[in-house]
Amino acid sequence: MVYFSEELRSSLNLVAHEMSEVSNERGYRVSVALELDEAFIGSGRSRSSLQRDLAVDGFMLGGSRAGLSPYKAGGGAYEFGAEILGSRMGVFRLRKARQLADGSFRVVANTASTWGDIDDDTLIVEIPFVFGYTMTEGHVGVVFVAEVTGVVIGNPGELILGPITLLNATPPTTGGFVPDEDEGLPGMEDDDDDIVDSDAA
Amino acid sequence: MTEMTSARVKRLRLAQNLSQLELAEQSGVASGAISMIESGAIDVPESAIAAIARALDCEPKYLERPSSGTVSTRPLLRAYADAPKRAVDAIEADNGVAIDAAKYLGLTLVANVLDHTGLPLFEGDLNDEIEIEQFALQVRTSAGLAPESVVGNSMRTAERLGCVVLPIDSAMGRHLGVSMRTDDVAVIRVSRPSHVSGLSIPGDRQRFTVAHELGHLVLHHSTEQPRNPAQAAKVEREANRFASAFLVPGDPVLQDLSALGGKVTLTTLSKLKEKWGFAIKAFVIRFEQLGVIDDDHARSLYKQISARKWNKSEPVLVGNESAVWMARAIGKKYGSGPAGLSAAAREVGISSSYFERWTDWSPAAAPENVIDFAAVKASRG
């Protein structure tokens, strides 16, 4: 079990929130773009690809804002590194996931989908993590991180995930608006006695 | 019996939401006689006046007193058919009773204190939405609001503009408020909150309703009753545009949006709601009006609102408001609280229940014949 510091957890939540925000703000443009030509909706790949591009944009934006310095890795993957408890380096790679009926997550992969190793220069152990997200009705749904503990070989294969840490893509709204009941009314305050007994309209 | 007595009987009967038959049953006077009394066709003996007065919750002297004969405009209601005529008539009559009583007591109207010439009235082109926006800013200024200020209390703001704001809890179809002029006094009636979950009115809707009705009063003072649904929809759109600009003026809210990062998302709208007391869904419309988002973006936000079930209950609670003019004006003359209301009622010659109804903004209790399923479910855990 890997534990994240409060600071890292907060940064991860910020990335998740930014992904959600970008998706919620601009997700509709996927449909707008696909309507430009009927060929775009033939295979369904265009939609998936455009949605991924938005997720990547949110991931990069949020990662930068959180000071995690995200980058494009080999094979078109996007990831960032962050120190996790135990003086080890986690390498968090953005991957789309699917949530199954039992609540677990499935991330498809092949044997080449492995990352994290021992950094040759620093000899720090890099632990692979998936920065996973699901899509719900065209928008980023659940966002989570999980250590990648292995790969199930197959076609397609899938990542074996350690314990899931759900991130708060949408922070709960706790505030409220309280009307100002102390606002005054001319002529009706306690010190307005001099003007109250004038004639009615 | 004078013509004015006839008018008082009819007005109080309507205000009490009674049919002629119901008044006849409660007073023991024949229903045909009630009809003739109200039309002034017959004189009635003193004993009948006493019985009718009892049924109408007033003293005979109230019915016998000459009336100034209040004159009221009819409210402009969207899809008029969905608001029961009897409910509209009851509110119109109740307004007449309230304003007549206020004048009889010599209650000081805020408009007189401020030496108002009356509400600012729109004389521009109702087809020009920019003109309506600019006029809303003028009305804000008249109410003493700085350009960037949040409307802290919409009812108090309307009262400062000289409106009389009174509560309603009768069924008005989809309408949460109604406005009209009664003896040239601008009267806004707004639903008060309720303990019945389905009938409760969130604070943001209450605020929008007040601003919307204010919009009708200042924009449609010389507009004829809509003759068809399209015309009715147009006057509603105009009042909505006024209400949006009045509660959320363009420039300051655009600055707020920019300070929040400029993204029009539900998260941002929730934060803006917290500051402006304006519904998230209404903000979608507002930003579309201001040209910040397009139709596609607005549709996307509506879908997200729907997916989160925010159509029924939005996050970020906005508190309910209450109007204070009548209670305070009576308090000045007769003392505050129930004793003051009773003294005022005795002076006018009507039951204090009338004054309690006009000043009570506490959440309405569930009628005895209503079962609140949500409450039952909650009590069962």
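Just so it is clear, the values below take in all heavy atoms, side chains as well, and ignore hydrogens, waters and symmetry mates. Chain letters run A, B, ... following the sequence lines, proteins first, then strands; residues in each count from 1.
- To the nearest 0.5 Å, atom NE2 of residue A:His139 and atom CG of residue B:Leu266 are 8.5 Å apart.
- A donor-acceptor pair under 3.5 Å is formed between the side chain of B:Asn153 and the backbone N or O of A:Asp180.
- A donor-acceptor pair under 3.5 Å is absent between the side-chain atoms of A:Glu21 and the main chain of B:Lys263, judged by distance alone.
- Heavy-atom distances place both the backbone and the side chain of B:Trp325 under 4.5 Å from chain A.
- In summary, of the residues considered (B:Arg207, B:Lys275, B:Glu274), a side chain to side chain contact (heavy atoms under 4.5 Å, CB included) with A:Phe177 occurs for B:Arg207 alone.
- With a 6.0 Å radius and a threshold of 12 heavy atoms from other residues, nucleotides or ligands, A:Asn155 has its CG atom at or below the threshold.
- With a 4.5 angstrom heavy-atom cutoff, B:Lys271 does not touch chain A via any of its atoms.
- B:Gly262 and A:Glu25 get closest at one heavy-atom pair: O-OE2, 4.3 Å.
- Across A:Pro179 and B:Gly319, no two heavy atoms sit closer than the pair CG-O, 3.4 Å.
- Of the two parts of B:Ser322, the backbone and the side chain both hold a non-hydrogen atom closer than 4.5 Å to a non-hydrogen atom of chain A.
- Only the backbone of B:Val151 comes within contact range of chain A, judged by heavy atoms closer than 4.5 Å.
- Only the backbone of B:Val264 comes within less than 4.5 Å of a heavy atom in chain A; its side chain stays farther off.
- Here the CD-CD distance, from B:Glu159 to A:Glu183, works out to 10.0 Å after rounding to the nearest 0.5 Å.
- Of the atoms belonging to B:Asp294, it is side-chain heavy atoms, and not backbone ones, that fall under 4.5 Å from chain A.
- Of the two parts of B:Asn320, only the backbone, made up of N, CA, C and O, holds a non-hydrogen atom closer than 4.5 Å to a non-hydrogen atom of chain A.
- Within the 3.5 Å criterion, the main-chain N or O of A:Glu181 finds a donor-acceptor partner in the side chain of B:Arg156.
- For the atom pair A:Ser20 OG and B:Gln304 CD, the distance stands at 8.0 Å (nearest 0.5 Å).
- Atom OG of B:Ser300 and atom CZ of A:Arg29 lie 10.0 Å apart (nearest 0.5 Å).
- A distance of 8.5 Å separates NZ of B:Lys303 from CD of A:Glu137, quoted to the nearest 0.5 Å.
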